[in-house]
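Input: a single structure, listed below in structure tokens.
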Number of protein chains: 2
Amino acid sequence: MLPFAPLDSAAWSERLRETGLKSTSGRVAALEHLSTHPHTTANEIHTALTKELPALTLQSVHNIVQDLTAHGIIRRIDPLGPGGARYETRTDDNHHHLQCVRCGRIEDIDCAVGAAPCLTPHSTHGMRILQADVTFRGVCGECDKRPQP
Amino acid sequence: MLPFAPLDSAAWSERLRETGLKSTSGRVAALEHLSTHPHTTANEIHTALTKELPALTLQSVHNIVQDLTAHGIIRRIDPLGPGGARYETRTDDNHHHLQCVRCGRIEDIDCAVGAAPCLTPHSTHGMRILQADVTFRGVCGECDKRPQP
DNA sequence: ATCTTATTTTGAATGAATCAAAATTGCTGG
DNA sequence: CCAGCAATTTTGATTCATTCAAAATAAGAT
Ligand SMILES: [Mn+2]
Ligand SMILES: [Mn+2]
Ligand SMILES: [Zn+2]
Ligand SMILES: [Zn+2]
């Protein structure tokens with residue numbers, strides 16, 4: 001089985017139930033969308049799902065991503081800039097992100113270590129270190145061609 | 001001269017003028033407060049400065065930190081959790097942060113390299129890398145003693 | 001099929017940040 | 001020192017993502 005291969009709706013349903021959550025159309029659709037469109041906002045999920053689930057509320061999408069994040073099924077990231085939090089199904093591999101400072105585009109960066117914490121600070125200030133969040137910032141090819149505003 | 005020694009108000013005034021900004025009481029007071037109280041929010045700055053500058057508006061503090069950030073005199077960080085953005089006068093040394101996941105406390109972590117980017121990603125996705133933001137997460141001594149909620 | 005409880009919906013509120021126009025202040029050059 | 005301009009602050013309002021709470025609904029167990 002390929003790592004991070006998108007699951008079908010039946011597999012997501014099962015995943016929800018074994019986590020102790022009910023399998024609902026909104027949750028399954030959100031998970032399917034997230035697994036094929038990583039780094040999506042609650043708003044974007046809602047817009048995308050409106051076609052197949054016209055009754056699904058933005059508020060519900062917020063509930064869904066919050067619940068799924070709390071149960072470790074998805075992961076929340078908080079990029080700089082506008083648009084709010086983003087979510088992804090790729091969890092537990094401690095991967096990092098690379099964000100374009102011009103257009104905000106986000107790419108995945110594999111972690112050389114693969115488990116948290118993949119870096120250790122010089123001094124810990126008496127804290128027990130759990131993980132190291134790394135976000136690379138740069139300028140993507142597209143934006144580098146384009147003249148600066 | 002010690003690194004990051006807090007400047008007095010005259011020195012901050014000069015710093016503002018050589019950057020091409022006007023020296024105002026609000027800006028100088030904000031800089032003095034930030035240099036002695038790093039990682040402070042706009043709200044916290046406003047509350048602290050209300051004693052000596054009762055006329056200073058929260059809106060003005062927002063303008064101030066935005067202008068100073070844009071001119072590189074202070075640096076903005078966006079920690080997870082509630083409270084909004086935080087600011088600090090310690091710029092240009094590429095230092096990192098360590099945040100307690102329970103209480104939100106933030107500590108500075110010196111960068112072994114000292115200049116950006118201090119890490120290089122495995123693959124760059126065609127992006128020109130400018131910097132690597134590293135935030136360590138952990139549990140501080142205080143919170144580790146306390147029983148979990 | 002019914003019941004229980006989790007989930008979604010509905011409706012409202014929060015908090016941080018930003019926008020725009022008017023009032024004020026810092027600075028410059030006379 | 002003073003006038004005048006432009007930068008800054010104030011005033012007042014608005015945006016946006018997110019959260020809260022109560023009522024309605026739907027999933028899954030018996
Ligand atoms: Mn990712
Ligand atoms: Mn710092
Ligand atoms: Zn870009
Ligand atoms: Zn703590």
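The figures here come from the full heavy-atom set of this structure, side chains too, leaving out hydrogens, waters and symmetry mates. Here is the naming used below: chain letters follow the sequence lines, and residue numbers restart at 1 for every chain.
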Round to a whole Å and report the spacing from CG of A/L16 to C1' of D/dA26. 15 Å
Expressed as a whole number of angstroms, how long is the span from A/L53:CG to C/dT7:P? 17 Å
Treating Ile, Leu, Val, Met, Phe, Trp and Tyr as nodes and any side-chain heavy-atom pair under 4.5 angstrom as an edge, say whether B/L49 and B/L16 lie in one connected cluster. yes
A correct 5'-to-3' footprint of nucleotides 7-19 of chain D, with B, S and - meaning base, sugar-phosphate only and no protein heavy atom under 4.0 Å, is SSBBBB----SBB
Is any NZ, NE, NH1 or NH2 atom of the basic residue among A/R86 and A/E44 found under 4.0 Å from an Asp or Glu carboxylate oxygen of the other? yes
Any chance the side chains of B/E88 and B/H95 put a donor and an acceptor closer than 3.5 Å? yes
So do the side chains of B/H39 and B/D108 get within less than 4.5 Å of each other, counting heavy atoms only? yes
Could you walk me through whether B/R105 and B/E142 pass the salt bridge (charged side-chain N to carboxylate O under 4.0 Å, His left out) test, one step at a time? CA-CA 10 Å; B/R105 191 151 71 91; B/E142 304 282 316; 5.9 Å; no
